[in-house]
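As structure tokens, the structure follows; a few thoughts come after it.
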Amino acid sequence: MDKKSLLNEIILVAREASSLILKYYDGEIAVDDKADGSPVTAADRAADKLIVAALKALTPDVPIISEEGFAAGANPDISGGTYWLVDPLDGTKEFIKRNGDFTVNIALLEDFEPVLGVVLTPVTGLASAGLVGDGAFDEDADGKRKKIAARQADPKKLTVVASRSHRSPELEEYLAKLSPAEEISRGSALKFCLVARGEADLYPRVGPTSEWDTAAGQAVLMAAGGSMTAFDGTPFRYGKASERFLNGMFIAKGPGA
């Protein structure tokens, strides 16, 4: 299957997972704590199961690293560099708070680099999707598509988007030095989408994330003409199995930011 066709299939998979998540969202939300102290719900687990099964059917030879699968002990061999990264419900804290800022994230990596990604917001049905080298677009709940692109930043008038639930003294210090013209707080991978859509210029992340949190958003951003690096400007690395797929600090940005 060519990647354009595969991207269309992944959007459909994300929509199926979204519909399932909303069934839980409309009812009582029971919350458990994982070993690392982060929250997990039945919606996370159900969506994970659906997405993993769909990916296995689409690409049976491609390994899958999903947040809930990894938490349950699944750790397939990804040494070939081609694999899926899945966060079935990114922004579980936002889901629990019922503020709408949570997403379904699915990304394909090749040579340990995100090349295809879908970030879908269940409450709106908006999917942001990208194929690196081929562009990015938004698809609304009715299937209508609109091309998106990161904007050329004005360094004197930066709009910065930052985490809604993971503010820290380090982030506040960074923002104070940057002195942006505008700050936006959002949850989940939606922060990547704001930069990819040209609604923000910069997304700095100081606090901890995992690879499945960032890969889909990075793919959309890169397809839209943006970039993402470590804080020191070096390439952002994936495939960190020995580090339990934990990320370091990063900056996602549009051109000129």
Side-chain angles (χ1 to χ4, degrees), residues 7 10-11 14 18 67 84-94 100-109 113-124 126-139 146-153 158-167 171 174 180 182-231 235-238 245 247-257:
L7 182 60
I10 297 308
I11 293 172
S18 172
E67 179 176 14
W84 292 101
L85 275 171
V86 175
D87 192 338
L89 204 171
D90 182 30
T92 300
K93 290 182 179 179
E94 318 305 335
D101 267 13
F102 55 92
T103 58
V104 176
N105 301 347
I106 305 174
L108 177 67
L109 283 77
E113 292 281 344
V115 296
L116 177 158
V118 173
V119 177
L120 192 147
T121 308
V123 294
T124 63
L126 183 66
S128 297
L131 182 59
V132 176
D134 193 61
F137 58 87
D138 281 341
E139 180 185 279
K146 178 182 178 181
K147 184 177 180 180
I148 59 173
R151 70 188 181 194
Q152 182 68 36
L158 291 177
T159 297
V160 175
V161 58
S163 177
R164 170 174 277 170
S165 294
H166 298 276
R167 307 287 289 200
L171 177 61
Y174 176 80
E182 182 182 6
E183 290 182 33
I184 303 172
S185 294
R186 295 299 299 269
S188 69
L190 290 172
K191 296 180 284 293
F192 287 101
C193 299
L194 262 65
V195 181
R197 206 174 287 128
E199 296 175 5
D201 302 300
L202 196 70
Y203 163 33
R205 184 63 182 235
V206 176
T209 59
S210 296
E211 294 187 17
W212 44 76
D213 295 313
T214 59
Q218 182 179 349
V220 173
L221 176 60
M222 290 173 64
S227 62
M228 180 167 149
T229 65
F231 243 66
F236 191 75
R237 297 188 303 114
Y238 284 89
F245 300 101
N247 290 329
M249 299 185 297
F250 64 82
I251 299 176
K253 58 186 179 180

Can you name the nearest heavy-atom pair linking [X] to [Y], along with the distance?
X: A153; Y: G256; answer: CB-C, 3.9 Å
X: L108; Y: W84; answer: CB-CZ3, 3.6 Å
X: M249; Y: F236; answer: O-CE1, 4.4 Å
X: D101; Y: G187; answer: OD2-N, 2.9 Å
X: K253; Y: L202; answer: CB-CD1, 3.4 Å
X: V161; Y: P204; answer: O-CD, 3.5 Å

[X] vs [Y] side-chain heavy atoms within contact, under 4.5 Å:
X: T92; Y: F102; value: no
X: Y238; Y: L85; value: yes
X: R197; Y: S128; value: yes
X: P114; Y: V132; value: no
X: D90; Y: V119; value: no
X: V118; Y: L7; value: yes

Query raised in the report: Going through the checks in order, is the side chain to side chain contact (heavy atoms under 4.5 Å, CB included) test met by T159 and R151?
Result: CA-CA 11 Å; T159 297; R151 70 188 181 194; 3.2 Å; yes
Distance (rounded to the nearest 0.5 Å) between [X] [atom1] and [Y] [atom2]:
X: E94; Y: T103; atom1: CD; atom2: OG1; value: 10.0 Å
X: S188; Y: D87; atom1: OG; atom2: CG; value: 9.0 Å
X: L131; Y: F137; atom1: CG; atom2: CZ; value: 9.0 Å
X: N105; Y: D213; atom1: CG; atom2: CG; value: 7.5 Å
X: T229; Y: Q218; atom1: OG1; atom2: CD; value: 9.5 Å
X: D201; Y: I184; atom1: CG; atom2: CD1; value: 9.0 Å

Query - Residues K146, D138: salt bridge by 4.0 Å N-O rule - result: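 Judged by the 4.0 Å cut-off on N to carboxylate O distance, K146 and D138 do not form a salt bridge.
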Query raised in the report: Going by the angle between their ring planes, with limits at 30° and 60°, are F192 and F250 parallel, tilted or perpendicular?
Result: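 If you compare the ring of F192 with that of F250, the planes turn out parallel.
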Requested in this report: Please lay out, stage by stage, how R205 and N247 fare under the test side chain to side chain contact (heavy atoms under 4.5 Å, CB included).
Outcome: CA-CA 10 Å; R205 184 63 182 235; N247 290 329; over 6 Å; no
Requested in this report: Starting from the C-alpha separation in whole Å, work towards a yes-or-no answer on side chain to side chain contact (heavy atoms under 4.5 Å, CB included) for Y174 and V160.
Outcome: CA-CA 11 Å; Y174 176 80; V160 175; 5.8 Å; no
